[in-house]
Amino acid sequence: MDKKEFKFLREKMVSAHLVSRGIRYPKVLNAFKTVPRELFVPDNLKEYAYQDRPLSIGSGQTISQPYIVALMTELLDVEIEDKILEVGTGSGYQAAILLSIGAKVYGVEKHSNLAQKAEEKIKALRYAIKIKIGDGTLGWDRFAPYDKIIVTAAAPKLPKSLLEQLNVGGKLVIPVGSRFSQELIKVEKRKKDEFSSKAVCGCVFVPLIGEEGWDESL
Ligand code: SAM
């Protein structure tokens, strides 16, 4: 497939899978029309890049389905220049969507091979990102506080470090539940140590493994 064919499929995906399911913020829809998802999937899966489903990216991990990436992006209410921490950078696609809206992104990824590939791909699109290899359940204290935090792996509970590293007025979007099914939760930090949260919908993510997440050995 060439660039023109991918562009056609990309636009079709936006109307068939995002607009039709209620994604409506123009800046989110524009980001999905702009960022080439095929760049973030392995060569042998590129033909499926615009289907609305997660795909394997190696190391037992996945690039999330486009609809859930769009929903989480919309829930974050991303503003230009927002400082966003993404826990679970994986392929780099979600980060590229946030960057294309104009946010500054700090990514934490557990797998070094994924982090390295994600960084290369994001740089190829001429965006700047800082990625740390490590346990994102502890956030990234060095650059805190963040206006927004997005966690793209399933947590057993809200990680305390992430709540602490969120700015007052900031938003956290995170799947919370069992290792096999979760609720997507949107948390808002009203004041220091005062939060409101609401469950948005059911979802299924790979587990968030770390000190404030799941135990690797389980
Ligand atoms: N946002 C990614 C994308 O756009 O491709 C999808 C991420 S995938 C569903 C979840 C990612 O979380 C995996 O790459 C996994 O290695 C990572 N992960 C799991 N536990 C982690 C942790 N404690 N810290 C950082 N990354 C973690």
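Keep in mind that this is a model prediction, so the values were computed, not measured. Atoms within a ligand are numbered from 1 in the order they appear, just like the ligands themselves.
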Does Ala70 have any side chain to side chain contact (heavy atoms under 4.5 Å, CB included) partners at least two apart in sequence or in another chain, and if so, which?
Leu18, Ile23, Val28, Phe32
For residues 141-150, which side-chain donor-acceptor pairs fall under 3.5 Å, sequence neighbours excluded?
from   : atom 1 : to     : atom 2 : distance (Å)
Tyr146 : OH     : Trp140 : O      : 2.5
Asp147 : OD1    : Asn167 : ND2    : 3.0
Asp147 : OD2    : Lys83  : N      : 2.7
Lys148 : NZ     : Leu76  : O      : 3.1
Lys148 : NZ     : Asp77  : O      : 2.7
Lys148 : NZ     : Asp82  : OD2    : 2.6

NZ/NE/NH1/NH2 to OD/OE distance under 4.0 Å, Glu216 and Lys110:
yes
Could you go through ligand 1 and list every pair where one of its N or O atoms sits under 3.5 Å from a protein N or O, giving the atom names and the distance to one decimal?
from     : atom 1 : to     : atom 2 : distance (Å)
ligand 1 : 1 (N)  : Glu86  : OE2    : 2.9
ligand 1 : 1 (N)  : Gly88  : O      : 3.0
ligand 1 : 1 (N)  : Thr152 : OG1    : 3.0
ligand 1 : 4 (O)  : Gln94  : N      : 3.0
ligand 1 : 5 (O)  : Ser91  : N      : 3.0
ligand 1 : 5 (O)  : Ser91  : OG     : 2.6
ligand 1 : 14 (O) : Glu109 : OE1    : 2.8
ligand 1 : 14 (O) : Glu109 : OE2    : 3.3
ligand 1 : 16 (O) : Glu109 : OE2    : 2.6
ligand 1 : 20 (N) : Ile209 : N      : 3.0
ligand 1 : 23 (N) : Asp135 : OD1    : 3.0
ligand 1 : 23 (N) : Ile209 : O      : 2.6
ligand 1 : 24 (N) : Gly134 : O      : 3.4
ligand 1 : 24 (N) : Gly136 : N      : 2.8
ligand 1 : 26 (N) : Lys110 : N      : 3.2

Residues clustered with Val206, ILVMFWY side-chain links under 4.5 angstrom:
none
Before giving the answer on salt bridge (Lys or Arg N to Asp or Glu O under 4.0 Å), spell out for Lys104 and Glu81 the whole-Å C-alpha distance, their side-chain angles and the decisive distance to 0.1 Å.
CA-CA 6 Å; Lys104 293 186 213 139; Glu81 296 288 307; 3.5 Å; yes
Just by distance, with hydrogens left out, do Gln61 and Ser56 show a side-chain donor and acceptor under 3.5 Å apart?
no
